[in-house]
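Below: one structure, written as structure tokens.
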Amino acid sequence: MKCPECGCEESKVIDSRPTENKVRRRRECIKCATRFTTYEIIEEIPLMIIKKDHTIEPFDREKLVDKLCRATVKRPVSLETIENVVEEIAAGLKNSLQREVTSDKIGELALLKLKEIDDVAYIRFASVYREFDDVDSFVKIISELKNDKNA
């Protein structure tokens, strides 16, 4: 940071306080001892989702929560559990440093989490996500689920 008084590029931070989406820093110039305040803005790059129809839209946590809530209707799965699942998925995607992710990837991550939580919710979500159109699709996923549980 350049000192507004003398232009020196060396300063020390005296105080640092987080505010809403900013960090306020009180600085002191090493050369002339002038004190000044700077603000650092936290810039978040939004995670973009590439949908099946190739349109791109920002990741919406609430949409995923809604889809998982639908899959867990009348199941012993709390809203807190669903929120935690969505948070884990969102954190994993942000930590992957990818800025664009396919909706298929999010669907697969949600399926993996549901498989650990509730079998019925897993099958419900899979039937919509994988677009089951016949009974054989259900039989196949149920038998896979049984094999996984027995293994």
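Just so it is clear, the values below take in all heavy atoms, side chains as well, and ignore hydrogens, waters and symmetry mates.
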- Kindly indicate, with the supporting measurements, whether the criterion side chain to side chain contact (heavy atoms under 4.5 Å, CB included) is fulfilled by Lys12 and Arg26. CA-CA 9 Å; Lys12 63 181 179 180; Arg26 192 76 180 133; over 6 Å; no
- Assess whether side chain to side chain contact (heavy atoms under 4.5 Å, CB included) is satisfied between Glu57 and Lys51, documenting all intermediate values. CA-CA 8 Å; Glu57 66 180 44; Lys51 297 174 69 172; 3.4 Å; yes
- Worked verdict on Arg25 versus Thr37 for side-chain hydrogen bond (donor to acceptor under 3.5 Å, both in side chains): CA-CA 6 Å; Arg25 298 200 194 281; Thr37 302; over 6 Å; no
- Verdict with supporting geometry, Thr72 and Val120, side chain to side chain contact (heavy atoms under 4.5 Å, CB included): CA-CA 8 Å; Thr72 58; Val120 174; over 6 Å; no
- Verdict with reasoning, Glu40 to Arg17, per salt bridge (Lys or Arg N to Asp or Glu O under 4.0 Å): CA-CA 10 Å; Glu40 293 178 20; Arg17 295 182 188 180; over 6 Å; no
- Does the side chain to side chain contact (heavy atoms under 4.5 Å, CB included) test come out yes or no for Ser137 and Ser127, once each step is laid out? CA-CA 8 Å; Ser137 301; Ser127 70; over 6 Å; no
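Membership of the apolar cluster around Val135 extends to Val139, as traced through chained side-chain contacts below 4.5 Å between ILVMFWY residues. In this structure, Met48 belongs to a hydrophobic cluster whose other members, linked by side-chain heavy atoms under 4.5 Å apart, are Ile50, Ile56.
Looking at residues two or more places apart in sequence or on another chain, you find no salt bridge (charged side-chain N to carboxylate O under 4.0 Å, His left out) involving Lys2. By the salt bridge (charged side-chain N to carboxylate O under 4.0 Å, His left out) test, Lys67 is found to be paired with no residue, residues two or more places apart in sequence or in another chain being considered. For Phe132, the ring pair (Phe, Tyr, Trp, His ring centres under 6.0 Å) partners two or more places apart in sequence, or in a different chain, are Phe138. When the salt bridge (charged side-chain N to carboxylate O under 4.0 Å, His left out) test is applied to Arg124, no partner is found at least two apart in sequence or on another chain. Residues satisfying the salt bridge (charged side-chain N to carboxylate O under 4.0 Å, His left out) criterion with Lys74, sequence neighbours excluded, are absent altogether. Residues satisfying the side-chain hydrogen bond (donor to acceptor under 3.5 Å, both in side chains) criterion with Tyr122, sequence neighbours excluded, are absent altogether. Ser96 meets the side-chain hydrogen bond (donor to acceptor under 3.5 Å, both in side chains) test with no other residue; sequence neighbours excluded. Among residues two or more places apart in sequence or in another chain, the side-chain hydrogen bond (donor to acceptor under 3.5 Å, both in side chains) test is passed with Thr34 by none.
Looking only at distances, no side-chain donor or acceptor of Asp66 sits under 3.5 Å from a matching main-chain atom of Glu62.
Using a 4.5 Å heavy-atom cutoff, the side chains of Cys3 and Ser11 are not in contact. At a threshold of 4.5 Å between non-hydrogen side-chain atoms, the residues Leu93 and Leu109 count as touching. Counting only heavy atoms from C-beta outward, the side chains of Pro58 and Leu47 never approach each other to under 4.5 Å.
By the 6.0 Å and 45° rule, Lys52 stacks over the aromatic ring of Tyr129.
Hydrophobic clustering, with ILVMFWY side chains joined whenever heavy atoms are under 4.5 angstrom apart, groups Leu79 together with Val77. Residues Ile142 and Leu114 are members of one and the same hydrophobic cluster, defined by side-chain heavy-atom contacts under 4.5 angstrom among Ile, Leu, Val, Met, Phe, Trp and Tyr.
Within a 6.0 Å radius of CD in Glu5, no more than 12 heavy atoms belonging to other residues, nucleotides or ligands are found.
Nearest approach of Ala126 to Ile141, heavy atoms of both residues: CB-CD1, 3.3 Å. Here the closest non-hydrogen pair linking Cys29 and Phe36 is N-CE2, 4.2 Å.
From Lys146, atom NZ reaches atom CG of Asp119 across 10.5 Å, with rounding to the nearest 0.5 Å. To the nearest 0.5 Å, the span separating CZ on Arg75 from CG on Asp118 amounts to 4.0 Å. One finds the NZ atom of Lys63 at 9.5 Å from the CD1 atom of Ile49 (value rounded to the nearest 0.5 Å).
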Name every donor-acceptor pair, under 3.5 Å, that has one atom in a side chain of residues 98-107 and the other anywhere in the protein, sequence neighbours excluded.
{"unit_1": "Thr102", "atom_1": "OG1", "unit_2": "Lys105", "atom_2": "N", "d": "3.2"}

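No donor-acceptor contact under 3.5 angstrom links the side chains of Arg24 and Ser16, judged on distance only.
Applying the side-chain hydrogen bond (donor to acceptor under 3.5 Å, both in side chains) definition to pairs two or more places apart or across chains, those involving residues 78-91 are Arg61-Glu83, Arg61-Glu87, Ser78-Thr81, Glu88-Lys113.
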